[in-house]
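Some notes on the structure that comes next.
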Protein chains: 2
Amino acid sequence: MDVGVTLPSLKSVCATCSMRELCMPIGLSDTDLAHIDTLVGARTRLRKGETLYRAGDPLTGLFAVRVGSLKTAVLAEDGREQVAGFHMSGEIVGLDGMGTEWHVSHAVALEDSEVCVMPLERLEKLAHDMPTLQRNLRRFLAREIGRQQSVMLMLGSMRAEERLAAFLLDLGARYRRRGYSGSEFVLRMTREEIGSYLGLTLETVSRLLSRFQQEGLIRVQGRGVTLLDQPALRELCGRKA
Amino acid sequence: MDVGVTLPSLKSVCATCSMRELCMPIGLSDTDLAHIDTLVGARTRLRKGETLYRAGDPLTGLFAVRVGSLKTAVLAEDGREQVAGFHMSGEIVGLDGMGTEWHVSHAVALEDSEVCVMPLERLEKLAHDMPTLQRNLRRFLAREIGRQQSVMLMLGSMRAEERLAAFLLDLGARYRRRGYSGSEFVLRMTREEIGSYLGLTLETVSRLLSRFQQEGLIRVQGRGVTLLDQPALRELCGRKA
DNA sequence: CGACTAGTTGAGGCCAGTCAATGTTGGTGG
DNA sequence: CCACCAACATTGACTGGCCTCAACTAGTCG
């Protein structure tokens, strides 16, 4: 990848970043973009398995995923981990801490990844003079709320096969939005993490993937997945009345 | 209640509102409060069962619950309803729409209630000149994220009895924060709504309430609930490793 | 009082969890 | 390059928790 180490390229990171429209969906003028660039403090690389922040850490800023993917998860008191979300390039992580000044979840890289760090104090200052950024910020928070609401819907009222179908379709849609194939992709997470996210056990996830394959809905080869019959998958997770 | 119809009292609604610290947790100066008052457009009364907004409605503003309580819920395509939250006095509803300009959930009064309306355009204008409000606004969104994350944890990894215990304790804590008893209160919602929120059926909720009573953890009399043994309830929903 | 909604309780079945054995993959070091 | 190991994944047998269906009761409101 073009992971710039040269200073010149760093100077206009955002303006040339292919993930720009995802990070900052509302149109920014060129001068705005120049300002945004001053926001991004540094880019951090994470190796697979490395932790970006932990629950309890003070919130120092937000992070934009530039390359790779992360999971965020919360811990119950007894140590059980519940995956709260998977985050790919162009998405913002760290929002969970903005209510309390500390993070309530932790974020771990699922593969070698790179994130842009946006320190909080710069964010606040910049947001004050820049209504557009302000609006974007709120939009992120609100979008996160919407996302979580659909997860709650899923966990609360869907059966296992419906959840998995919805999960696969969602992943596909997100890859498509990034210019990748929406029907053929590689799972970056383990069966256990998928299960945790969906409120299922890893065995159930594995069994269902096998069954979906047998039924001709998908093809699975380890972590590689091909969605063969998306209408049927949609049918599966949609109406059942 | 002192539901003011006189204009003078309306002029300084927020300054005297007992729910102030809940609505606006970050200290506001007196002049700030005066400004906030200009924010609150009107107070609306809702009879039990009345709808405050529906999914698809354009987002016109936020609502602060002043008296009573509401539920918010989302609809699946097939018409199933999933309760997303219960909201009591001092809480803000309507945040769900801020990502998209339209509401994604609907809000219904569980009892006769009263909400303060905060029109969006005033909110935006005021927030621009008032960093404190700005921060409060973000804080609400972020707090909502945190709340939903714990619901996800609950739905994803707790068993039925754990969920119900957590639910009862949460309700108690919220009543206590409002100056009511935290161990003796009235459920404002039906068993079915509780079940929908917890991802259970109404029968399971009913059975569990009976069982909790048999075990001496609570006392139930229709919608009246007394928490008799909170430590045990906490034990129930906490560690099980 | 009848009609309706909300709630309780029971019987039975199924979906998904648990436990366990085996297979597969990828990384590491000799 | 291969052997080895650990983590990840698959599959089967069994169990049990929760859902479904159903009957019955308790309030509530015209």
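Convention: sequence-line order gives letters A, B, ...; per-chain numbering from 1. Worth saying up front: this structure is predicted, and the values here are computed from it rather than measured.
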Next on the checklist: Expressed as a whole number of angstroms, how long is the span from B:R211:CZ to C:dT8:C1'?
Outcome noted: 16 Å
Item to check | Qualifying side chain to side chain donor-acceptor pair (under 3.5 Å) pairs, either residue in residues 216-231 of chain B, two or more places apart | outcome: none
Next on the checklist: Between P on D:dT15 and CZ on B:R159, what's the gap in Å once rounded to a whole number?
Outcome noted: 18 Å
Checklist entry - Rounded to the Å, how far apart are B:K48 NZ and C:dA6 P? => result 8 Å
Checklist entry - Whole-Å distance between C:dG7 C1' and B:Q213 CD? => result 13 Å
Item to check | Side-chain donor/acceptor of B:S113 to backbone N/O of B:S69, under 3.5 Å | outcome: yes
Item to check | Gap between atoms CZ and P, on B:R188 and C:dG7 respectively (whole Å) | outcome: 13 Å
Checklist entry - Does a side-chain heavy-atom distance below 4.5 Å link A:Y53 with A:S105? => result yes
Next on the checklist: Base, sugar-phosphate or nothing for A:G199? Non-hydrogen atoms, less than 4.0 Å.
Outcome noted: sugar-phosphate
Checklist entry - Would B:E91 and B:R178 pass as an ion pair if we require N to O under 4.0 Å? => result yes
Checklist entry - Between B:L110 (CG) and C:dA6 (P), how many Å, whole number? => result 12 Å
Next on the checklist: Would you say B:T201 places a side-chain N or O within less than 4.0 Å of OP1 or OP2 belonging to D:dC19?
Outcome noted: yes
Next on the checklist: Tell me the interatomic distance from A:L155, atom CG, to D:dC18, atom P, rounded to whole angstroms.
Outcome noted: 15 Å
Item to check | d(CE, B:M158; C1', D:dG17) in whole Å | outcome: 17 Å
Checklist outcome for this item: A:E101 meets the side-chain hydrogen bond (donor to acceptor under 3.5 Å, both in side chains) criterion, sequence neighbours left out, with B:R139
Can you give me the N/O atom pairs linking the protein to nucleotides 9-13 of chain D at distances under 3.5 Å, or say none if there are none?
residue	atom	partner	partner atom	Å
D:dA9	OP1	A:R223	NE	3.1
D:dA9	OP2	A:R191	N	2.8
D:dT10	OP1	A:R191	NH2	3.1
D:dT10	OP2	A:R191	NE	2.8
D:dT10	OP2	A:S206	OG	2.7
D:dT10	O5'	A:S206	OG	3.2
D:dT11	OP2	A:S210	OG	2.6
D:dG12	N7	A:R207	NH1	2.8
D:dG12	O6	A:R207	NH2	3.3

Item to check | Sub-6.0 Å ring centroid separation between B:F185 and B:Y180 | outcome: no
